[in-house]
Structures are given as C-alpha cells and as structure tokens.
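Values reported hereafter were calculated over all heavy atoms of this structure, with side chains retained and with hydrogens, waters and symmetry mates removed. What you see is a predicted model; the values in this text were computed from it and never measured. For ligands, and for the atoms within them, numbers begin at 1 and follow the listed sequence.
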Amino acid sequence: MTMIRCISPVNGEVYAERPAMTLEMARQAVAHARQAQKGWARRPLEERVKLVLAGVARLNEMVDEVVPELAWQMGRPVRYGGEFKGFNERSNYVASIAADALTSIVVEESDRFERRIEREPHGVVFVIAPWNYPYMTAINTIAPALMAGNAVILKHASQTILVGERMVRAFIEAGVPADVFQNLFLDHDTTAALIAAKSFDFINFTGSVEGGRSIERAAAGTFTGLGLELGGKDPGYVMEDADLDAAVDTLMDGATYNSGQCCCGIERIYVHESLYDAFVEKSVAWVSNYKLGDPLDPETTLGPMANKRFAANVRHQIADAVSKGAKALIDPKLFPEDDGGAYLAPQILVDVDHSMEFMREETFGPAVGIMRVKSDAQAIELMNDSRYGLTASLWTKDAERAGRIGRELETGTVFMNRADYLDPALCWTGVKETGRGGSLSVLGFHNLTRPKSYHLKKATA
Ligand code: NAP
C-alpha cells in the first residue's frame, strides 16, 4: 500500500500519513459523486449557497485545531491565525454574486419565441490544490463549483494532507451531502489514470508549471475543460512619484510573507534610479525585523519553508546569483535559526540581472532581487522578460500612467499601490506559463458551468 506523507517542516518528522486510494476505490468514489450531483443540482440555488456557507462557518468553528495543524504541515506561524480572512471573504463574495452570475441571458420572450442561454453545472469538478495557501486556493473553486450545482472531488497536496479531509468534514457536518463533496487521497498515477479515463467534467489545477503540464498531458484527447493556475515571478515597479514607505512595506511583505511561498508573491523589484538607494536601505531594515523560528511560537513572524527541498532551491538560486556578481544584503548572523534546512533567513539581492536564474525562475521563498531602472520603457521590458505572468505591482500616484503601463504588461492582474492580494470580485487569471482560465468573480462561475441555449418556437399560426 502506498502511503501519502506530510513531513513537517517544524521538525523534519512525519506529521501525518494516509494510504493512497487504489484506482478502483477512486473510480467508485467518482461514480458516487456523479450519481449524487444530479440531485444536488436540482436543489434551489439558495439552498446550495446556504449549505456551502454553513460548511464555511463550521470550518471557522475549528480554528483552534486548524491553525496549529497548518503550522505543523507547512510552517506558517500561528500568530497569523490561518487563512480564515481570505477564505471567508472569498466564500461570502461568491455567495453574494451567485444568483446574478448564474442567471440566464434572455434574448427574446415574446408570443412567438423564447430564446435564452442558461448556465448548467459541468457535473463532477476535480480540484487539485497546492500546499502554500491550502484552504484559500482550494475554496476559490470549491465554493462556486458547489454553489453552481457541481459535485466536487478534491485531491489535496501531500504536504497539507489533512486539509482536504478537514474541509470535507466541516462541509458534511454542515449538511452538504457526503457524495457531493469528497476528499480523495490520490497518488500521481491514480490521478492521471482517472483524468485519462474522462472521469471529470472540469478540472481546476493550482500548482507548479510542471504539475500543470502533467495534468494537461493526462487530459489530452478527453476534451475535459481545464483551469490551470500555475507559477509566477511577479514584479514590482516603483516609480519616481511613489509613496516610498508604503512601497517598501507592501512589496517587502509581498516578497516574504508566508516565507515567500505565495503564487503572487513579489519576486523581483525594479526601482526608479531616483528612489533606488532609499528603497534598498529601507527594505533591508524592514526585512531585518523578522523573527525566524518555530511557527508554533506566537513570537515567530517568519516560519520555516514548507519543505527543506524548497529551501534548498532558494539557497541554490541565491548562491548561483552571488557567484555571478549579485550582492546579498542581509547578514546571516541576524538569523542564527537558519539551520541550512527548512529554516531559511530572508534575503535581498542587488547587483542582479536577468542572466541569473534568480531573476528569471520562480524562487518561491523569502528572497527578492532589486534592480535600478531609468524609465517606464525599461521597466516594462524587464517586467515582461519572463515566461510567467500572474500579477504586476505598480507604485505611482498617477492612475492614468499605471493604466497605460498596465496595458503593455503581459500579466493576469495589474495592481497599483498594492500587491499580493486576491480580490474575489476580479478574475484570478494568468498568461504565458502561469496558465489559463480564471477563477472567482462572475467569470469564475462561467468557467464552472456550461452554456445551454434554448430556442423555443411557440405554436405556429
Ligand atoms: P505542485 O507540486 O505542482 O502540486 C500542486 C498539487 O498538484 C498537489 O496536490 C500535488 O500533489 C499535485 N500534483 C503535482 N504534480 C502532479 C502530477 N503529476 N499528477 C497529479 N497530481 C500532481 O505545486 P506545489 O508545490 O504544491 O505549489 C506551489 C506552486 O503552485 C508554485 O509554483 C505556485 O506558484 C503555484 N501556485 C499558483 C497559484 C496561482 O493562483 N497561479 C496559486 C497557488 C500556488 P502532491 O502534493 O501529492 O504531489
């Protein structure tokens, strides 16, 4: 029997494990979901929305277990209180727009014709979720998919193996039928075999580019709809008229919060030459205030990375950049808790350029590169010099200028004077190798349903 294991970054030991389901067991679970979905979709929308929100409320009641469990599984310090703020905000927002988002488009309602486009649930939606924000990334699809009348099968990351189990428990205790929302413990081969057998009507995958490729390959020829929310290398650009303190505060938080393990974390910053020195100096002071350590200690502000292999990748990128001329500004002596394993000190690199892997590939750790720029044109060119495109964070007092620059950027979201935030009213989407499709907002509902056209000609005279 294959076991799926979470090795805790806190102490490097197995924190939780579950046996992987066999393909046969998984097929049966999907068959039950398919059967249950029809009855779920026939229930009134208000009832489905109410039950999903009841599941969200039930999960909130589990806060005292959820928060330390998250710290053990992926290292986020308990002082941040889990992911409830975003989890609740997203759930409540999609609930508030569900009726409008799913309403029919009526083209004609006359004595002679009824012509309209209705939205139908796909059927069984498969959600594959990552460990970095294990509740928030999963709920982006689960809440609207269930509200729209789909059944949902969730496969969560091995690193956060308990999250799917807990979410499903909360939703079922709140009254969502057990077959309608199921968590399955699946290894990669079984996941691919289910997808290749066309078990699902829509798949949302959130994770790495390589993972996304594997899912796309498994789905090839099945015509299953795919939403792919993949990696990023998100830039910040600080213009000469920016509010410097606000830019430092938001961009450094965006680069390092959650140990830099945010899909829309800031990974590279371009600063106008007039503000460059001050920006770098203030950023070093900002980052130096972190207290790295045990995430279960309420004093800790920066936990370990989720796995020592992720930290090893960050160390490799930093060392490679330094060997090519980059300068590391954070003194490691400030962070004696850095153990060469999962506990990693934050870092700021200057004298970087795009020949370095550190400035091109996703780092996904508490390290950021800062470059000096002379003009918008140069900043735009550098920001677009990436195979990814999730968000870009522009710092200026001039919204017209931000709009103009935004139109030149190859990205899913343009921020002005903010970063690293997912607004549930807007479509969460990426370009290039960051993926395709979109979640949340009214468009998220559209992606989780299909249009059906009704062209009804009334009795002819
Ligand atoms: P990952 O290794 O690709 O894993 C994501 C999920 O996919 C996990 O449940 C994983 O299961 C599963 N998976 C990966 N490869 C698979 C395969 N070949 N077959 C079946 N399942 C597979 O990514 P991660 O390390 O968890 O997450 C970090 C990445 O996610 C970063 O690149 C980050 O940028 C990206 N991300 C993007 C967004 C966005 O909105 N664009 C949001 C969050 C994260 P196992 O854990 O069992 O391997």
Side-chain angles (χ1 to χ4, degrees), residues 2-7 9 16-18 20-21 26 73-74 83 86 90 126-141 153-164 183-196 200 203-219 226-234 258-267 305-307 309-311 313-314 361-365 386-391 411-413 420-424 426-440 444:
T2 317
M3 295 302 278
I4 299 181
R5 291 201 170 89
C6 160
I7 311 285
E17 58 183 357
R18 295 288 183 271
M21 290 178 99
Q73 290 176 94
M74 49 73 69
E83 296 169 17
R90 295 173 193 188
F126 189 31
V127 176
I128 306 179
W131 50 264
N132 65 323
Y133 282 95
Y135 285 100
M136 290 206 290
T137 52
I139 202 67
N140 291 350
T141 305
I153 301 276
L154 170 63
K155 177 240 166 301
H156 222 300
S158 308
Q159 191 69 48
T160 43
I161 191 75
L162 301 181
V163 169
N183 173 63
L184 305 188
F185 297 109
L186 300 175
D187 61 25
H188 290 189
D189 287 349
T190 307
T191 304
L194 286 173
I195 294 172
F200 307 106
I203 301 168
N204 181 275
F205 175 90
T206 307
S208 60
V209 172
E210 266 326 297
R213 276 210 182 92
S214 307
I215 300 305
E216 197 168 59
R217 266 197 297 271
L226 278 184
L228 297 170
E229 300 180 18
L230 312 177
K233 186 79 188 166
D234 290 359
N258 207 32
S259 297
Q261 302 163 121
C262 306
C263 53
C264 54
I266 296 293
E267 300 230 345
M305 294 196 64
N307 193 300
R309 88 173 183 277
F310 306 145
N313 179 51
V314 183
E361 290 307 319
E362 190 172 38
T363 305
F364 221 56
S386 172
R387 64 182 175 118
Y388 304 102
L390 186 58
T391 78
T411 190
T413 294
D420 193 21
Y421 170 68
L422 201 160
D423 178 346
L426 299 176
C427 185
W428 192 244
T429 184
V431 300
K432 301 199 261 190
E433 293 192 22
T434 293
R436 63 185 153 96
S439 57
L440 295 168

Which atoms of ligand 1 are found less than 4.0 Å from any heavy atom of [X]?
X: Ala157; value: 8 (C), 9 (O), 46 (O)
X: Pro130; value: 26 (O), 27 (O), 43 (C), 44 (C)
X: Asn132; value: 43 (C), 44 (C)
X: Ser158; value: 45 (P), 46 (O), 47 (O)
X: Ile128; value: 6 (C), 7 (O), 9 (O), 12 (C)
X: Thr191; value: 20 (C)

Ligand 1-proximal atoms of Tyr133, by part, heavy-atom distance under 4.0 Å: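 For Tyr133, there is no contact with ligand 1 at all, from either part.
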His156 and ligand 1 - part of the residue with a heavy-atom distance under 4.0 Å: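 Contact part for His156 vs ligand 1: backbone (N, CA, C, O).
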Which one of [options] has a non-hydrogen atom at the shortest distance from [atom]?
atom: atom 3 (O) of ligand 1; options: Gly207, Ser208, Gly211; value: Ser208
atom: atom 8 (C) of ligand 1; options: Gly412, Ser214, Ala129; value: Ala129
atom: atom 13 (N) of ligand 1; options: Glu267, His188, Glu229; value: His188

[atom] [closest protein heavy-atom partner, distance rounded to 0.1 Å]:
atom: atom 37 (C) of ligand 1; result: Leu230 O, 3.1 Å
atom: atom 11 (O) of ligand 1; result: Lys155 NZ, 2.9 Å
atom: atom 7 (O) of ligand 1; result: Phe205 CE1, 3.1 Å
atom: atom 38 (C) of ligand 1; result: Cys263 CB, 3.0 Å

Closest non-hydrogen atom pair between Val314 and Thr363, with its separation: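 Looking at all heavy atoms of both residues, the closest pair is CG2-O, 3.6 Å.
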Parallel, tilted or perpendicular: ring planes of Phe126 versus Phe200, cut at 30 and 60 degrees: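 Rings of Phe126 and Phe200: parallel, under 30°.
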Close approach, Trp428 and ligand 1, non-hydrogen under 4.0 angstrom: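 Flag set, Trp428 near ligand 1.
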Qualifying salt bridge (Lys or Arg N to Asp or Glu O under 4.0 Å) pairs with a residue from residues 153-164, counting only residues at least two apart or across chains: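 Applying salt bridge (Lys or Arg N to Asp or Glu O under 4.0 Å) to every pair that reaches into residues 153-164, excluding sequence neighbours, yields nothing.
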Close side-chain approach of Ile195 to Ile203, heavy-atom, < 4.5 Å: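 Yes, at least one pair of side-chain atoms sits under 4.5 Å.
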Electrostatic pair Glu433:Arg213 at N-O distance under 4.0 angstrom: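 Answer for the salt bridge query: yes.
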Pair Thr411-Lys432, side-chain donor/acceptor within less than 3.5 Å: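 Thr411 vs Lys432: no donor-acceptor pair found between side chains.
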